[in-house]
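Below: one structure, written as C-alpha cells.
Worth saying up front: this structure is predicted, and the values here are computed from it rather than measured. As a basis for the values below, the full set of heavy atoms in this structure was taken, side chains included, without hydrogen atoms, waters or symmetry mates.
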Amino acid sequence: MDKSFEPTRIESTWYARWEASGAFRPSGQGEPYCILLPPPNVTGTLHMGHAFQQTVMDMLVRYHRMRGFNTLWQVGTDHAGIATQKIVENQLAAEDKTRHDLGRDAFVERVWQWKEASGSTITNQMRRIGAAADWSRERFTMDEGLSAAVRKVFIDWYRAGLIYRGNRLVNWDPVLGTAVSDLEVNNVERDGHLWSIRYMTTDGAESVVVATTRPETMLGDVAVAVHPEDERYAHLVGKTLKLPLTDREIPVIADDYVDKDFGTGCVKITPAHDFNDYAIGQRHQLPPITIFTLDAKVNDNAPPKYRGLDRYDARKAVLADLEALGLLVEAKPHKLQVPVSQRSDAVIEPMLTDQWFVDLTSDVQKDGRPGGRKAITQPALDAVRNGDIKFVPENWATTYTQWLDNIQDWCISRQLWWGHRIPAWYDEAGNIFVGEDEADARASAGTAPVGALRQDDDVLDTWFSSALWPFSTLGWPANGPVKNERGEIVANWEQDQIFLPSAVLVTGFDIIFFWVARMVMATKYFTGRIPFREVYINAIVRDAEGQKMSKSKGNTLDPLDLIDGIALEPLVEKSTRSLLIPQVRAKVEKRIRKDYPDGIPAIGTDALRFTFAALASYSRTINFDIKRAEGYKAFCNKLWNAARFVLMNLPEGAIAAPAGAPVTEAERWILTRLKQTLGEVEQHFVSYRFDLLAQALYEFVWNEYCDWFLELSKPALNGDDTAAATSARHTLLVVLESVLRALHPVIPFITEEVWASVAPMLGLGEGSLMQRPWPRAEDIVADDAATAEIEWFKNVLSGVRKIRSEMNISPGKTIPLLLAGGDAGDRARVAKFAAQIAFLARTEAPWWIEAGAAEPAAAAAVVGTLRVLIPLAGLIDLGAEKTRLAKEIARIEVEIRKCEGKLGNASFVANAPAEVVAQERQRVADWNSTLGALREQAQKLG
C-alpha cells in the first residue's frame, strides 16, 4: 500500500474495472432486489440533492448484492420536455432563428442531436460518485421501447374512457406557450398592490366594492359573489351590476366560498383566469369569458380600447380609466404570492384551453364502465392504506393519501414539439381517432373519418411517460427482448418482471404527487402489481446554516468540487457566472471569499459519501457542513493508516488460521464487538437509518479497532508467546477484512483498494471486494466473558490516560500506579493484566494499598468500586487535581439527573422496551457508585 491515501488515483482505477467486469449487472441468482433511479433530466448536471440521493441508493444496492440478492439498479434519464426544448430554442436564438424556421421535424432532429452530444453529462457524473448501476440497461424515456409503452397506455386508457379531451383551466406559461404542471410553478413572494374598485348596481342606486390584485382581469368578470349569510348584501343577490369599463351586466351571486369577514365581503368572479373562480363558475353555471390571448395580450372579448395590450400595460390603462371615472376607491401595498414558471420566469396565467386529461375523479362513466376514481385512483389509495406500500418515514403516507383523496383530473397535454406526440388524429369534422399510427386510428374507429386526418400537435406531459418507469424499463409491453439504438438487449419483460415490484423507491417529498402516486396508478392498472414495496423519502440538502441552496445566495456546492477540490478564484467565477445583477454578484463573491478563503480542499468521493450517510436521518432537511466532510476524510485516512500498520506487522505470505479459538481475550472482545456492530448495521439498513449505520461503523473502526484493538494487540505482537502473536495477527486481518466489507457500501473506493492488499494475506480467491459476501453477524462467535474483562481493562487504561492528559504528564514518562478498593474480581483482573497495563499505560507495575493503610495524595480514576490512583508527589499539582475532580463530579451528577429524568417519566417506563428501562436503572446505579468513589477521593484531598 502507498504511504498515503490518494482518492483521485484510486477512484478512477476501480470504477473502470468494476464497470468493465460487469459487476453491476444482476447475478441471475438469489432473491430479486431492484431499485429504480428517479430518472434525472437529460439536461441536468449532478447537484448535492442528486449526490445525496444516489449515495443512499448505491449503499442499498451494494449491500444487497453482497448479501446474495439478484440485484438490479435500473437507471436512465428523462427527456424533460420543456427544459430540453428551451435549451435548443436558446441555441437557435443565438443564431437568430426560432423552431418555426426549422419546422417540427427538423427541430426535433436538432434536439436529438443535442441529446446525443450532451445528454450523458449527469450519468458520467454519477460514475464519479461510485454509482454501481447497471449501465448496460440504461433507458431514456423516448427510447423506442418506452415510447411504445407510452402509446399503448394512452390508447388503452382512451378506449377505456379514462382519457378525454376538454376545455379546462390550466397553468399557462405565456412565454413557452404551453400548459405546465404545478411542479413547474414556483409561488414567489413579491411586492404588489390591492386595489379596491366600485361596481354600481344596474339601476345606479347602490354599489359594492371589490378588492383585487389583478385589476385587468375585471374585463373578464362574470359575477360578484357574497356569502349567503351576509345580511349586508342579501337584498342584492339575484340583481345585476354594471361591470365598469364595459357594456356588460353581471349578477350578484351567493356562495359559501366567500369569507364575509375578509375585506368588504364581495369577491369578483373571473372563471377563465382564476382556479377558485372557475370552480364557483361551474357551480353557478356561469359561462367563462377569456380575455387574454395565449401570449398574455388582451383579446377581442375586451372593449376595443384594450385589445392587443400586454396584460401589464392593460393593467395601467384599466387603473387610469377607473380613476378617471371615480371608481378606484383605494390602492394599498400588498405582499403577493405570484405563480412563476420555473422554466421561463414568466408569471403563470390560468387559461382556458383545449387539453387532454386522465379521468381520476369519476366513479362511473355514462356508459356504465368504471370511472377513473374507481379504476385508477382508488387502487393507488388502497395500496398504501392496506400496507402493500409503506412510506419511510411513515408520516409521508398521510401526504400521499390526502392528495389522492382530493385529486383533480390530470392534464397530460403540453404544447411542445419535443416529447411523445399524442397518438390522436382529427378529421375535418373535428372527430377524434386514436391509434398506434394513422392507419390503426382509422381501422379502430367505429365510423369513417370525414376527409383527411391531421395528427394532434401536442405532446404528452413528461410525467406521463415517467409514470410508466417501473414496468416500461423492464420491457413491457413487448413480447420479447427490447434493444437499444446500438442493437444491445436492454430489457425482456418475460424475464425481467421478477424485478416488479422493486424493493424501495428513494425520492424526494416534492414529487410524491407528481411521480410516486402516478407510478402506483399506472403500474396497478396495467400490471396488477404495486411498483415498489417501500418509499424512502430522503431529506432535502441545505447549507451549513440550514438555508436553501440557491445560485442567487452563492451557497450552492458542486459535489465534484468537493470530491476534486477547487481553488478560490475558479470557485468565485463559477459561483457568480450566471448572476447578472451587480449587487447580487458582489454579495455572493464576498460570501465565497469569506467562507472559502483557500478554496475547497479535495476530500474524495468516499468522504463525501460517508458525510451523506452520516446526515441521512428521518428529518425533512439536512444541513451540509464542509467541515464535517473534512472530518470524514480524516476517517478514511485513519482506516488507511490502520491497514498499513496491520500489513507492516505481518510476515511474508498468507496468514493461516490458527486451530481453535483466538488466544487472547482482546481478540475475542473485538470479534464480539464486530458481531454486535454488524447486527446494528443490518438493522439500520432495514430501517433506512443511514445516520445510525454510519455512526456504528465509525465508532467501531475509529474507537474500537484503531484506537483500542491495535493497541491491545501490541503486547501479543511484541511478546514471546508465538501462539498469541500468530493468533493476534490473524484476528487483526480477519476483523480488518470484515470491516472493509461492512464499510464497502458506504465508502467503496478506499475499501476496495485496501482489500486488494489484505486479501492475499488471507488467501482469498475473489478478484474484487465486490464479489465478497456480506460479513454476517451470525457467523461470529461472541464471548461475553472476554468482553467484560476487556471493557474493565479499557476503563482502567482510559482512567490513567485521562489523568495523564488532564494533568499534562508526558506520555513517555513511566509513572507509579496504586490500586485501592475493588473486589476479588478486580484483584484477579489486575493480576492477569498487570503486564499489559504497565506496557500500554506506561506505568510501573501496579501495587495495592491494603484496606486501612494510609494513602498518599493522588489523582484518582474510578472503575466500579476500584480506585486507580496516581500519586501526586512530583507529578501533579494538588489544586489542579481538586479542580479536575470537581468537574468530573459535576459531569456525573448531570448524567444521573438525565437518567433519573427518564425513569421519572411514567410514559417512558410504560412504553420503552423492558431492556431499555433496565439499562437506564443500571446506569443510575453505576453512576452513583462512581460518584461516591470520586466524592470520597475529593474528601481525602481536602
Side-chain angles (χ1 to χ4, degrees), residues 1-18 20-21 23 62 66 128 130 132 563-565 601-610 629-657 667 670 674 697-698 700-714 716-718 725-772 775:
M1 287 176 61
D2 293 343
K3 188 172 182 180
S4 60
F5 169 48
E6 299 295 339
T8 303
R9 179 189 63 79
I10 292 171
E11 291 165 12
S12 59
T13 301
W14 278 111
Y15 196 91
R17 286 192 205 173
W18 290 332
S21 70
R62 288 177 182 270
M66 293 176 78
R128 290 296 315 278
I563 292 170
D564 298 330
I603 63 168
T605 300
D606 287 321
L608 178 63
R609 287 173 59 115
F610 205 103
E630 291 168 359
Y632 291 124
K633 182 182 180 183
F635 173 79
C636 292
N637 284 329
K638 183 98 169 178
L639 176 65
W640 183 270
N641 291 331
R644 289 189 74 244
F645 170 84
V646 171
L647 294 171
M648 285 164 48
N649 278 278
L650 298 178
E652 294 290 331
I655 305 296
E667 296 171 71
I670 195 66
L674 175 63
L697 288 170
Y698 182 97
F700 178 82
V701 172
W702 189 293
N703 298 331
E704 295 176 306
Y705 185 77
C706 294
D707 284 356
W708 278 110
F709 186 55
L710 296 189
E711 287 293 307
L712 296 175
S713 300
K714 287 177 181 177
L717 294 176
N718 298 325
T726 302
S727 181
R729 289 190 182 99
H730 185 262
T731 301
L732 279 167
L733 267 181
V734 166
V735 175
L736 176 59
E737 198 272 341
S738 297
V739 162
L740 293 173
R741 283 187 278 158
L743 282 167
H744 181 73
V746 187
I747 48 175
F749 293 107
I750 185 174
T751 50
E752 186 74 85
E753 179 74 10
V754 174
W755 186 88
S757 297
V758 170
M761 307 304 294
L762 288 170
L764 301 175
E766 293 91 346
S768 164
L769 173 54
M770 285 192 69
Q771 298 172 348
R772 290 285 287 155

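- E753 has its side chain out of reach of M1: every pair of non-hydrogen atoms, C-beta onward, lies at least 4.5 Å apart.
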Show, in sequence, the C-alpha distance, side-chain angles and deciding distance for L732 and N649, and conclude whether the side-chain contact (heavy atoms from CB on, under 4.5 Å) test is met. CA-CA 10 Å; L732 279 167; N649 278 278; 5.7 Å; no
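- To the nearest 0.5 Å, atom CZ of residue F635 and atom CG of residue L697 are 7.0 Å apart.
- In plain terms, the two heavy atoms of S738 and L674 that are nearest each other are CB-CD2, 3.7 Å.
- Between F700 and I670, some side-chain heavy-atom pair lies under the 4.5 Å cut-off.
- Looking at R17 and E752, no side-chain N of the basic residue comes within less than 4.0 Å of a carboxylate O on the acidic one, giving no salt bridge.
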Between I10 and D606, is the side-chain contact (heavy atoms from CB on, under 4.5 Å) condition met? List the steps. CA-CA 11 Å; I10 292 171; D606 287 321; 5.8 Å; no
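- A donor-acceptor contact shorter than 3.5 Å is absent between the side chain of R62 and the backbone of V746.
- Taking the ring-ring contact (aromatic ring centres under 6.0 Å, His included) definition, one finds that F5 meets it with W640, sequence neighbours left out.
- Listed for the T751 side chain is a donor-acceptor partner under 3.5 Å among the backbone atoms of P748.
- Counting heavy atoms from C-beta outward, V646 and Y705 have side chains that approach closer than 4.5 Å.
- When all heavy atoms are compared, the tightest approach of A602 to I563 is CB-O, 3.6 Å.
- Ring geometry, W18 versus H744: the interplanar angle exceeds 60°, so the pair is classed perpendicular (tilted spans 30 to 60°).
- When only modelled atom types and interatomic distance are considered, E6 and T8 share no side-chain donor-acceptor pair under 3.5 Å.
- Using a distance-only test at 3.5 Å, with no hydrogens or angles considered, a donor-acceptor pair links the side chain of R644 to the main chain of D2.
- By the 4.5 Å heavy-atom criterion applied to side chains, E704 and F709 are not counted as neighbours.
- Across all their heavy atoms, S757 and P760 have their closest contact at O-CD, 3.5 Å.
- Closest approach of P651 to R729, counting heavy atoms only: CD-CD, 3.8 Å.
- You'll find the side chain of Y632 stays beyond 4.5 Å of the side chain of I747, heavy atoms only.
- At least one side-chain heavy atom of K638 sits under 4.5 Å from a side-chain heavy atom of D707.
- With rounding to the nearest 0.5 Å, the separation of CH2 in W755 from CG in L740 is 9.5 Å.
- In this structure the side chain of H730 reaches within 4.5 angstrom of the side chain of L762, judged on heavy atoms.
- Pairing each heavy atom of E667 with each of S727, the nearest pair is OE1-OG, 2.5 Å.
- Atoms CG and CG, from L717 and L712 in turn, are 11.0 Å apart once rounded to the nearest 0.5 Å.
- Salt bridge status for E630 with K633: absent, with no side-chain N to carboxylate O gap under 4.0 Å.
- Shown here for A629 and A607, the closest heavy-atom pair between the two residues is O-CB, 3.9 Å.
- Taking the side chain as every heavy atom from C-beta outward, W14 and L769 never approach each other to under 4.5 Å.
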Please step through side-chain contact (heavy atoms from CB on, under 4.5 Å) for the pair M761 and L647, ending with a clear verdict. CA-CA 9 Å; M761 307 304 294; L647 294 171; 4.0 Å; yes
